[in-house]
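Working notes for the structure below.
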Amino acid sequence: MTVAEKTLIDEINELREKKNAVILAHYYQRGEIQDIADFIGDSLELARRAQETDADIIVFAGVRFMAETAKILNPEKKVLHPNPESGCPMADMATYEGVKKLKEEHPDAAVVAYVNTNADVKTLADVIVTSRNAVKVVKALEEDKIIFVPDQFLGGFIAQQVPEKEFILWKGFCPPHFNLSPDQLLELKEKYPDAKIAVHPECNTKTTEIADFVGSTSQIIEFATTCDAENVIIGTEVGLKHQLEKINPNKNYIFPVNADYCGTVHCCDMKKNTLDKIKEVLENETNEIVLPEEIIEKARKPLDRMLQIV
Ligand code: 13P
Ligand code: SF4
């Protein structure tokens, strides 16, 4: 670590203490952000932490829908987003008007929204899910017909696990995960025949079908660091490498090279947050997440419902 980096971290720590702030970070954040976070987790774990914290300020190092979710679940807190440019392209694929129309066309269906949606779309949902709890939540619903937005691949994965229900899938997708091809994984498997394959359910269907394990970012970390294979092929964003190597450095974690998209499975938006930006928002209390009260109230219901189920 350089002297400048150490000074920056000292400044962040001083501000965090003085302002009673907590820094929450997703696993796809840069390693140096993960290292200074008070808590790192998958979307569900981060939402719970945000809801439970007694800090006055939450600095949310993740993409915008995650920071919005923190605000909806704990509206009394000041939620600061280090870089307002850090959005989720998949969340932006589902529009309020489009989802409203689909809901009107299928009044007997339950609207299940992935947490990767913008706050206005959440207001139309009957329940929210994350990659960790989606199958369990959908199974628990009374309705036999499900509108799932926006990820067609997570939706397709749930539909495979819950064949007794009918699914109408929004055609959104996560660009980094979509571009991870099953051929890349199979090539790696040929090179490391004893390896296990763990992937995120946002990957395309052919990819999830050849995996030994499909789960959320936290679940992938748990599987990869504890399974009996020495080599584990990881089908998700490369940010996970940092924690995997910290938690169990005795294994070989293999990330597919993806020539089509930033060289690896890489979420450019997640990487827009930096230590400099974290210091800046803590110091000046800028980039606050502000949502209309009506949106907070309406979006909170499906989020609360999810948290009651799991
Ligand atoms: P997790 O809930 O698994 O952390 O996933 C969040 C996400 O955006 C994956 O692309
Ligand atoms: Fe969105 Fe995909 Fe990035 Fe996750 S990895 S934040 S789904 S673009």
Side-chain angles (χ1 to χ4, degrees), residues 24-30 33-34 37 39-50 60-70 73 81-94 113-118 121-122 128-137 148-155 157-158 170-180 198-204 207-208 211 213-224 234-244 255-256 258 260-262 264-273 303 306-307 310:
L24 304 183
H26 188 262
Y27 289 116
Y28 295 166
Q29 292 295 291
R30 294 163 185 270
I33 294 182
Q34 297 186 33
F39 181 75
I40 323 165
D42 67 14
S43 307
L44 182 65
E45 293 165 330
L46 288 165
R48 285 197 190 282
R49 279 295 169 127
F60 208 112
V63 287
R64 185 176 167 92
F65 77 79
M66 294 180 171
E68 282 183 350
T69 302
L73 287 170
H81 190 204
N83 189 345
E85 302 287 304
S86 167
C88 168
M90 175 165 69
D92 293 340
M93 289 176 194
Y114 190 21
V115 71
N116 298 38
T117 39
N118 296 320
V121 171
K122 284 190 175 74
I128 307 292
V129 298
T130 75
S131 59
R132 176 188 274 265
N133 62 20
V135 171
K136 202 168 167 193
V137 171
F148 188 81
V149 297
D151 185 3
Q152 62 183 297
F153 296 109
L154 175 60
F157 177 72
I158 305 166
W170 190 269
K171 295 292 177 210
F173 62 96
C174 161
H177 283 95
F178 175 72
N179 282 308
L180 171 59
V199 308
H200 198 276
E202 287 172 13
C203 290
N204 64 66
T207 303
T208 48
F213 181 81
V214 182
S216 76
T217 50
S218 284
Q219 290 173 314
I220 291 175
I221 290 175
E222 200 189 323
F223 173 84
I234 308 288
T236 192
E237 215 269 354
V238 70
L240 252 69
K241 201 173 181 27
H242 191 70
Q243 287 306 316
L244 289 166
F255 283 77
N258 191 335
D260 297 336
Y261 202 83
C262 299
T264 71
V265 181
H266 175 102
C267 178
C268 308
D269 277 278
M270 282 280 186
K271 302 296 187 272
K272 287 179 181 167
N273 296 318
L303 273 166
M306 166 185 83
L307 294 171
V310 285

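These values consider heavy atoms only, across backbone and side chains, with no hydrogens, waters or symmetry-generated copies. We count ligands from 1, going down the list as the structure has it; atoms in each ligand are counted the same way. Quantities reported herein were computed from a predicted structural model and do not represent experimental measurements.
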Exercise for review: Measure the CG-OG distance between N116 and S131 for me, rounded to the nearest 0.5 Å.
Suggested key: 8.0 Å

Check your understanding: Is T217 close to ligand 1, meaning an N/O of one under 3.5 Å from an N/O of the other?
Key -> yes

Check your understanding: What is the closest protein heavy atom to atom 5 (O) of ligand 1, and at what distance does it sit?
Key -> H200 NE2, 3.3 Å

**Study point:** Atoms of the protein (N/O/S only) found under 2.8 Å from atom 2 (Fe) of ligand 2
**Key:** C174 SG

Check your understanding: Are M66 and M270 close enough that some pair of their side-chain heavy atoms sits under 4.5 Å apart?
Key -> yes

Exercise for review: State if E237 counts as touching ligand 1 under the rule of any non-hydrogen atom under 4.0 Å.
Suggested key: no

Review point. Rounded to the nearest 0.5 Å, what separation is found between the CD atom of E45 and the OH atom of Y27?
Key: 5.5 Å

Practice item. Taking only heavy atoms of D42 into account, list the atoms of ligand 1 that are under 4.0 Å away from them. Key: 1 (P), 2 (O), 4 (O)

Check your understanding: For ligand 1, is any non-hydrogen atom under 4.0 Å from N116's backbone (N, CA, C, O), its side chain (CB onward), both, or neither?
Key -> side chain

Check your understanding: Against heavy atoms of H177, which atoms of ligand 1 measure under 4.0 Å?
Key -> 10 (O)

Exercise for review: Classify the angle between the aromatic ring planes of H200 and H177 as parallel (below 30°), tilted (30 to 60°) or perpendicular (above 60°).
Suggested key: tilted

Revision key, fill the gap. the protein heavy atom lying closest to atom 2 (O) of ligand 1 turns out to be S43 OG, 2.7 Å

Review point. So, does Y27 sit close enough to ligand 1 that a heavy atom of it is under 4.0 Å from the ligand?
Key: no

Point to revise | Check: L307 and L73 side chains under 4.5 Å, non-hydrogen atoms | key: yes

**Study point:** Sub-4.0 Å atoms of ligand 1 with respect to non-hydrogen atoms of S216
**Key:** 3 (O)

Point to revise | By side chain to side chain contact (heavy atoms under 4.5 Å, CB included) - contacts of A70 (at least two apart) | key: A50, F60, V79

Revision key, fill the gap. What one should report as the nearest heavy-atom pair of Y114 and P150 is CB-CD, 3.7 Å

Review point. Can a non-hydrogen atom of Q219 be found less than 4.0 Å from any atom of ligand 1?
Key: no

Review point. Would Q219 and D42 count as having a side-chain donor-acceptor pair, cut-off 3.5 Å?
Key: no

Exercise for review: Indicate yes or no: at least one non-hydrogen side-chain atom of V115 is less than 4.5 angstrom from one of F65.
Suggested key: yes

Check your understanding: Considering only protein heavy atoms, which is closest to atom 7 (C) of ligand 1, and at what distance to one decimal place?
Key -> E202 OE2, 3.7 Å

Exercise for review: Check each atom of ligand 1 against the heavy atoms of Y28 and keep those under 4.0 Å away; list them by number with element.
Suggested key: 7 (C), 9 (C), 10 (O)

**Study point:** Backbone N/O of P84 and side chain of K272: donor-acceptor pair under 3.5 Å
**Key:** no

Check your understanding: Would you say N204's side chain and F178's backbone share a donor-acceptor pair under 3.5 angstrom?
Key -> yes

Check your understanding: What atoms of ligand 1 come within less than 4.0 Å of a heavy atom belonging to S131?
Key -> 1 (P), 2 (O), 3 (O)

Exercise for review: Report yes if the side chains of W170 and V121 come closer than 4.5 Å at any heavy-atom pair, otherwise no.
Suggested key: no

